[in-house]
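In what follows, a single structure is set out as structure tokens and then discussed.
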Amino acid sequence: MTGLVEAAWRKILMAAEDPTRLVGSQFVEPYAEMVRAAYAEPRLRQLFPWTGMWELHFSRCTEIRYTWDIPYVAPAKDGRFLVSGPSRAESVGHADTVEGAIAMVVERLPPDCGRAFVGTSEQLAAHERARDTR
């Protein structure tokens with residue numbers, strides 16, 4: 001795991017565990033549970049995590065523009081977890097448990113998905129093209 005990836009995970013884990021974070025929101029506890037479960041999965045822990053709107057995303061690169069080829073997960077209002085993506089127009093489905101949601105993401109990782117590439121999605125694509133032409 002690169003230092004950038006580990007630092008991003010530490011930041012997200014600390015924020016998820018912050019007891020003052022949006023106190024009263026129904027998503028505080030399931031969000032923290034979701035972040036911990038994703039970090040516990042080695043195949044996701046090697047990817048660059050980013051968050052927004054209670055969603056946990058995973059990128060194969062460390063810099064913006066992140067990759068959008070991996071599903072993301074969010075707590076749902078009904079207590080389950082929603083797995084969507086990779087694009088916002090796609091829904092994978094709901095899972096009753098956080099472990100089920102994380103498994104749904106892992107099952108849909110791109111082929112040869114490994115450690116996050118240090119750089120942008122464009123740089124990653126160029127790196128993969130060069131690697132594939134060897």
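Side chains are part of it too, since the values below use all heavy atoms of this structure and drop only hydrogens, waters and symmetry mates. Everything quoted here is computed from the prediction, not taken from an experiment.
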**Item:** Backbone N/O of V98 and side chain of E33: donor-acceptor pair under 3.5 Å
**Value:** no

**Item:** Same apolar cluster (I L V M F W Y, side chains within < 4.5 Å links), M34/W54
**Value:** yes

**Request:** Please confirm whether the backbone N or O of D69 pairs with a side-chain atom of T67, one donor and one acceptor, at under 3.5 Å?
**Result:** no

**Non-hydrogen atoms of F58 and P71 that approach each other most closely** = CD1-O, 3.6 Å

**Item:** Smallest separation among heavy atoms of A101 and A95, with atom names
**Value:** N-CB, 3.3 Å

**side chain to side chain donor-acceptor pair (under 3.5 Å) contacts touching residues 89-112 (sequence neighbours left out)** = S87-E90

**Request:** Would you give the length of the straight line joining atom NZ of K11 to atom OG1 of T51, rounded to the nearest 0.5 angstrom?
**Result:** 8.0 Å

**Message:** With a 4.0 Å cut-off on N to O distance, would you call R45 and E41 a salt bridge?
**Reply:** no

**Asked** Taking the side chain from Q123 and the backbone from T120, do they hold a donor-acceptor pair closer than 3.5 Å?
**Response** yes

**Asked** What closest approach, in Å, do C61 and S59 show between heavy atoms, and which atom pair accounts for it?
**Response** O-OG, 2.9 Å

**Item:** Cluster link L47 to I64, ILVMFWY, side chain under 4.5 Å
**Value:** yes

**Asked** Side chains of R88 and E55: closer than 4.5 Å at any heavy-atom pair?
**Response** yes

**Asked** Do the non-hydrogen side-chain atoms of E122 and H127 ever get within less than 4.5 Å of each other?
**Response** no

**Asked** To the nearest 0.5 Å, how far apart are CZ in R60 and CD1 in I70?
**Response** 6.5 Å

**Message:** Do L44 and L109 make a side-chain contact, defined as non-hydrogen atoms from C-beta onward lying under 4.5 Å apart?
**Reply:** yes

**Prompt:** Can you find a heavy atom in the side chain of Y39 that is under 4.5 Å from one in the side chain of I12?
**Reply:** no

**Message:** Is there a path of hydrophobic side-chain contacts, each under 4.5 Å between heavy atoms of I/L/V/M/F/W/Y residues, joining W68 to V106?
**Reply:** yes

**Asked** Would W50 and W9 satisfy ring-ring contact (aromatic ring centres under 6.0 Å, His included), going step by step from the backbone distance to the final call?
**Response** CA-CA 8 Å; W50 60 279; W9 274 110; over 10 Å; no

**Asked** Does R36 come within less than 4.0 Å of E17, counting only side-chain N to carboxylate O?
**Response** yes

**Fill in**
Contacts of F48 meeting ring pair (Phe, Tyr, Trp, His ring centres under 6.0 Å) (sequence neighbours excluded), chain-then-number -> Y66

**Prompt:** Can you hop from V5 to L56 via hydrophobic side chains spaced under 4.5 Å?
**Reply:** yes

**Complete:** Sorted by chain and residue number, the ring pair (Phe, Tyr, Trp, His ring centres under 6.0 Å) partners of F81 (sequence neighbours excluded) come out as none

**Asked** Going by heavy atoms in the side chains, are Y72 and V83 under 4.5 Å from each other?
**Response** no

**Prompt:** Of the non-hydrogen atoms in P42 and A40, which two are nearest, and what is the gap between them?
**Reply:** CD-O, 3.3 Å

**Item:** Worked check of side chain to side chain contact (heavy atoms under 4.5 Å, CB included) between F27 and K77
**Value:** CA-CA 8 Å; F27 297 128; K77 290 181 180 179; 3.9 Å; yes

